[in-house]
Number of protein chains: 2
Amino acid sequence: MAYENDYKAVSLYEVADKAGVSSATVSRVINNSPNVNPETRLRVQQVIKELRYTPNRVAKRLRNRNASNNLLGVLIPDIQNPFYVEVLRGIEDVAYENKYALIVCNFSQDEKKEKLYLDILLSESVDGLIAAPTHENDQKVINIVKSGLPIVCVDRGLTGVDVDLVVVENRNGAYSAVDFLAKQGYKRIAYISGLPQLPSSRQRESGYKDALADNGLVFDGSLVKYGDSRHESGVKLSEELLNLENPADAIFTGNNLITLGALETIHKRGLRIPDDVAIIGFDDMYWSISLNPPLTAVRQPAYEIGKRSAELLIQRITDPARPTVSMTLKTELMIRNSC
Amino acid sequence: MAYENDYKAVSLYEVADKAGVSSATVSRVINNSPNVNPETRLRVQQVIKELRYTPNRVAKRLRNRNASNNLLGVLIPDIQNPFYVEVLRGIEDVAYENKYALIVCNFSQDEKKEKLYLDILLSESVDGLIAAPTHENDQKVINIVKSGLPIVCVDRGLTGVDVDLVVVENRNGAYSAVDFLAKQGYKRIAYISGLPQLPSSRQRESGYKDALADNGLVFDGSLVKYGDSRHESGVKLSEELLNLENPADAIFTGNNLITLGALETIHKRGLRIPDDVAIIGFDDMYWSISLNPPLTAVRQPAYEIGKRSAELLIQRITDPARPTVSMTLKTELMIRNSC
DNA sequence: TATTGCAATAAAAACGTTTACATTATTCAA
DNA sequence: TTGAATAATGTAAACGTTTTTATTGCAATA
């Protein structure tokens, strides 16, 4: 089971030995504590370099269980969704700048995995957590908030607890998309929703309905389909919409992967976009321009979502007492050629 | 700095106390050691449940420095590249099945970050590592191999050391793509390479050259451009190719992101694919069918690359003595409409 | 001179596990 | 009835840090 470890990591003690000081002094040098003789400091630093000593993060974490260890946990619902990857990039950059390491867990929309990874992150003594809970009543996450561990939620809030939150204007973003469709003259505008238990899905739906109403279009329940955030969802539900005896002439897709799925269906059927059916997506991708046709979409500032949430988290770790903030970022309608 | 921790994690000792046994016994129960009285075991399990005890992974790892801790490190060159995300998914699934946790580090093609994350992973006492080194002479990674820590390389090998390796048939994949272009009648076939220091890039180039030769096409150095694995690279280098006085009539792109960049350029110029210029990509994406036009591409079995490498790694951790293996997976030409 | 204060350092405990070793109780053969 | 073997459990050390507390030496003060 154990591998033969030719390479034996050097410990603080060996440094201390070689430098002729105690482990405490070495520790003080490493952590830039005051009250160490400049000569001693220099000598110790010399030995550290010689022995190529690197501190053992695990020991450090165990010792400093409830101080900061420069370690953040990130709980990602679906790493295959480019939106979350972009969010992650924002988090990474801020973490890196602030010398925090990251443990990234992707639970692939699987609640069992979410629970497991959450336990692992806690057990790893992370200083704080960035998470997108599976739904508003995610008890596991709610308990963590209650426990006092610093946490920032992205994309989705939690009911009944006060928590730092970074979201986008879902309702307005959806409204602008559907309003745009309506203004273009589309009459039977469908909505393929992501998981309906997500606040974001419901907010987008309400934007959809409001835009219909404001444009004098009647709401038709058969034009709303509920899926999740997987590609297959988009494939299947767009088929249903096109199979209607009175089919949709435009589709508003609730997220990234649904959009790609819907495009696949439309292309497979040989329909032309936007002539036969128009499409507009929530979530933009940098390669949307290379889609067929270039996709019109509501852009979420994903990178910034990540950046902001990491900033908030680090702030909270530094100052646990600061009041929670709820940050709402703007979306932007990227008009191209799909409607 | 420290946050107020209302929620105090229970330790083994508290379980031991409450169950009226020693810490050793509790540990034995947790680890399913034999030689514990069934009644005692039951009682301890009861208390564990009551107290909602979860073992502290950090303490465990410190104690068992050189035994297995069910923890793997993954070093990803670019999390924004869907290819690596798919590889990661393969790794995750195997890890999950085998009860290994993962620390995923994305170094975004930045060697400084690579070094930092490598140090962190070592310092975290991972049982093993899956990495795609930045190049064949990546000393940091080579040293790890030499140290005896179990490691599997994906996509890229290392010179001078014997290491488990999972790659694809780069030369053959490229050959099939370029051969296909030639057979379609394209005469001025360009190649936009990824980083030339990567073995995979060079292998693909050799496939490109061989296919040209076998089809009686002369090699023209001005039709080969060297970039990296970023989107911008594809944008810029395809522009250069189209600006040639005698421009390319077909482009073979060396990877995912280059392909998307090239598509962007071609669309911006209002050129038609494949009539004005054809394109074929190394790396397929599941949404390639939704591109304009549906992209013909060489598919790498990314998920399987991840799966295999994780399997190899776990094997090596279990049996450090087994001889290294080098696994080469097949590619597949996905013919659609871009050439 | 005796005391105090300070700077520099050391000693030792603690974090939460696992495990080698020690101890006790029980069973069974001689 | 002894003794040995075995099963069940306990004790304590160890992993590599940080930090509290203690110690030392020395300079400054009364």
Side-chain angles (χ1 to χ4, degrees), chain A residues 1-2 5 8-44 48 51-71 119-120 122-127, chain B residues 1-2 5 8-44 47-48 51-71 119-120 122-125 127:
Chain A
M1 187 64 72
N5 197 348
K8 169 88 178 64
V10 311
S11 83
L12 202 100
Y13 275 100
E14 302 170 56
V15 175
D17 262 13
K18 183 145 189 181
V21 296
S22 76
S23 61
T25 300
V26 178
S27 177
R28 278 187 279 257
V29 170
I30 291 167
N31 298 301
N32 284 313
S33 301
N35 295 345
V36 28
N37 188 318
E39 286 169 36
T40 313
R41 164 161 281 139
L42 222 63
R43 185 154 38 96
V44 170
I48 286 178
L51 260 42
R52 287 216 201 76
Y53 166 76
T54 47
N56 181 314
R57 297 175 56 90
V58 176
K60 176 171 175 168
R61 234 175 22 266
L62 177 59
R63 168 59 223 232
N64 294 354
R65 268 179 53 63
N66 29 23
S68 176
N69 281 297
N70 286 340
L71 180 64
D119 282 342
I120 289 182
L122 292 183
S123 169
E124 287 286 348
S125 308
V126 294
D127 298 336
Chain B
M1 188 61 74
N5 197 351
K8 170 88 178 61
V10 311
S11 81
L12 201 99
Y13 275 99
E14 303 170 55
V15 175
D17 262 13
K18 184 143 186 182
V21 296
S22 75
S23 60
T25 301
V26 178
S27 178
R28 279 188 276 255
V29 170
I30 291 168
N31 297 300
N32 284 315
S33 302
N35 296 345
V36 27
N37 187 319
E39 287 169 36
T40 312
R41 164 162 281 142
L42 223 63
R43 185 154 39 95
V44 170
V47 176
I48 287 179
L51 260 41
R52 288 216 201 73
Y53 165 77
T54 48
N56 181 313
R57 296 174 57 89
V58 177
K60 177 170 174 167
R61 228 167 35 261
L62 177 59
R63 169 59 223 232
N64 294 353
R65 269 180 54 64
N66 31 21
S68 176
N69 281 297
N70 286 336
L71 180 65
D119 282 342
I120 289 183
L122 292 183
S123 169
E124 287 286 347
S125 308
D127 298 335

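Predicted, not measured: the structure shown is a model, and the values here were computed from it. The sequence lines fix the lettering, A, B, ..., with proteins before strands; numbering per chain opens at 1. What's counted below: heavy atoms across the whole structure, side chains too, no hydrogens, waters or symmetry copies.
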Could you give the CG-to-C1' distance, from A/N56 to D/dG16, as a whole number of Å?
6 Å
Holding to salt bridge (charged side-chain N to carboxylate O under 4.0 Å, His left out), I want the full list of residues that pass it with A/R57, two or more places apart in sequence or in another chain.
B/E124
Starting at CG of A/N69 and ending at C1' of D/dG16, how long is that distance when rounded to a whole Å?
13 Å
Rounded distance (Å) that lies between atom P of D/dC15 and atom CD of A/E14:
10 Å
Can you list every side-chain hydrogen bond (donor to acceptor under 3.5 Å, both in side chains) pair that touches residues 29-41 of chain A, not counting sequence neighbours?
A/S27-A/N31
In whole angstrom, give the distance that lies between atom CD of B/E124 and atom P of D/dT17.
13 Å
Would you name the heavy atoms of B/E14 and B/A9 that are closest together and state the gap between them?
OE2-O, 3.9 Å
Assuming nearest nucleotide by heavy-atom distance, tell me which of A/Y13 and A/P38 is located more 5' along DNA chain C.
A/P38
A/R65 CZ - C/dT17 P separation (whole Å)
9 Å
How does each nucleotide of nucleotides 22-28 of chain C score, in 5' to 3' order, for protein heavy atoms under 4.0 Å: base (B), sugar-phosphate only (S), or none (-)?
-------
Find the distance B/R61:CZ to D/dA14:C1' and express it as a whole number of Å.
17 Å
Between B/N37 and A/L12, which residue's closest nucleotide on DNA chain D lies nearer the 5′ terminus?
B/N37
Does a side-chain heavy-atom distance below 4.5 Å link B/V15 with B/I30?
no
Any idea which heavy atoms bring A/A59 and A/N56 closest together, and the distance?
N-OD1, 2.9 Å
In this structure, how many angstroms lie between the C1' atom of D/dG16 and the CG atom of A/L62, rounded?
9 Å
Those residues at least two apart in sequence (or on a different chain) that pass side chain to side chain contact (heavy atoms under 4.5 Å, CB included) with A/N64 are A/K60, A/A67, A/N69
Any side-chain N or O of A/S11 under 4.0 Å from OP1/OP2 of D/dG16?
no
Any idea which of D/dG10, C/dT17, D/dA8 is nearest the B/A24 side chain?
D/dG10
For B/A16, is there any backbone N or O sitting under 3.5 Å from a side-chain donor or acceptor partner on B/S23?
no
Would you list the pairs meeting salt bridge (Lys or Arg N to Asp or Glu O under 4.0 Å) in which at least one residue belongs to residues 17-32 of chain B, sequence neighbours left out?
B/K18-B/E50
Round to the nearest Å and state the distance from B/I48 atom CD1 to C/dT17 atom C1'.
13 Å
What are the residues of residues 25-35 of chain A, sorted by number, that bring a heavy atom to within less than 4.0 Å of DNA chain D?
A/S27, A/N31
In Å and rounded to the nearest 0.5 Å, what is the OG1 to CD1 distance from B/T54 to A/I120?
11.0 Å
Check whether any side-chain heavy atom of A/V58 lies under 4.5 Å from a side-chain heavy atom of B/S125, and answer yes or no.
yes
Could you say whether B/S23 or B/A59 is positioned toward the 5' end of DNA chain D, judged by the nucleotide with the nearest heavy atom to each?
B/S23
Let's see if you can work this out: which of D/dA8, D/dT17, C/dT19 has an atom nearest to the side-chain heavy atoms of B/N64?
C/dT19
Sugar-phosphate only, base, or nothing, as touched by A/V21 at under 4.0 Å among non-hydrogen atoms
sugar-phosphate
